[in-house]
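Working notes, structure below.
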Amino acid sequence: MTAEAPAVGIIMGSPSDWPTMRHTADTLDKLGIAWEARITSAHRTPERLHAYATEAKSRGLKIIIAGAGLAAALPGAAAALTPLPVLGVPMEGKLMGGLDALLAIVQMPPGIPVGALAVGRPGAVNAALLAAAVLALSDPELSDRLDAYRAEQSAAVPENPEDT
Ligand code: RP5
């Protein structure tokens, strides 16, 4: 987290989601994108979620990334309360390795979209990269940093499997 006003709000249903969602935060840090993180459960703290989501745009946030497990209503409930783009990350380790949360997040009714990512750490990382790609459309310096991130990632992949 930086002193800069956060562009990305990372929300999650439980403190138990943070070990996964911290990969979102770490990836945003690598790209120099300011973020904030909050526990806001659709079921356990609905008033907190309502306040957070309805105030998010006026507070200057640009994108919300929501991680949740089990019934995983958080991303959809947040999307219903804000015009900002909402990306959803299903938590793993619950029923069928997180298939429950994946289906809950991806099966939104038409009219209120959630950008559903992969289950667990891959989705948490990619949510940050997808948010970065959207923000980079209006931020040339971030666009350069994202290009550099991807070039570095490519360079780190060995061509010969025996080099790993
Ligand atoms: C969901 O229930 C949370 O997103 C979490 O993934 C899941 C379990 O929560 P805890 O029982 O670990 O607090 O609301």
Side-chain angles (χ1 to χ4, degrees), residues 1-136 142 146 149 153:
M1 215 172 328
T2 69
E4 201 180 324
V8 177
I10 303 170
I11 58 176
M12 64 213 81
S14 166
S16 68
D17 299 330
W18 180 238
T20 299
M21 296 310 294
R22 71 178 313 140
H23 294 292
T24 299
D26 290 346
T27 305
L28 293 172
D29 279 343
K30 285 177 189 161
L31 292 164
I33 298 171
W35 55 270
E36 65 178 20
R38 300 284 186 275
I39 312 293
T40 60
S41 167
H43 300 118
R44 291 171 176 157
T45 67
E47 290 86 3
R48 192 189 302 173
L49 170 62
H50 188 280
Y52 186 87
T54 55
E55 293 166 10
K57 187 178 181 187
S58 62
R59 290 180 51 241
L61 292 171
K62 304 285 189 255
I63 296 178
I64 291 176
I65 298 175
L70 299 176
L74 181 63
L81 293 165
T82 177
L84 295 178
V86 176
L87 305 180
V89 181
M91 295 300 108
E92 63 186 339
K94 313 295 181 186
L95 185 67
M96 292 182 286
L99 183 61
D100 50 353
L102 173 63
L103 293 178
I105 290 173
V106 79
Q107 286 288 72
M108 287 296 293
I112 302 294
V114 167
L117 280 299
V119 173
R121 179 182 173 278
V125 171
N126 279 347
L129 294 174
L130 189 53
V134 173
L135 295 171
L142 173 57
L146 189 54
Y149 177 97
Q153 178 173 254

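All ligand and atom numbering here is 1-based and tracks the order in the structure.
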Compare all side-chain heavy atoms of Ile65 with those of Met21 and state whether any distance is below 4.5 angstrom. yes

For the 3.5 Å polar cut-off, considering only N or O atoms, please tell me whether Ser14 and ligand 1 meet it. yes

Leu70-ligand 1 polar pair, N/O distance under 3.5 Å: no

4.0 Å heavy-atom contact, Arg44 with ligand 1: yes

Give the minimum heavy-atom separation between Ile11 and Ala78, together with the two atoms involved. CD1-CB, 4.0 Å

Which bit of Ala68 gets closer than 4.0 Å to ligand 1, counting heavy atoms only: side chain, backbone, both or neither? both

Quick one: list whatever passes side-chain hydrogen bond (donor to acceptor under 3.5 Å, both in side chains) with Arg44, sequence neighbours left out. none

Going by side-chain hydrogen bond (donor to acceptor under 3.5 Å, both in side chains), name the residues that satisfy it together with Thr45, two or more places apart in sequence or in a different chain. none

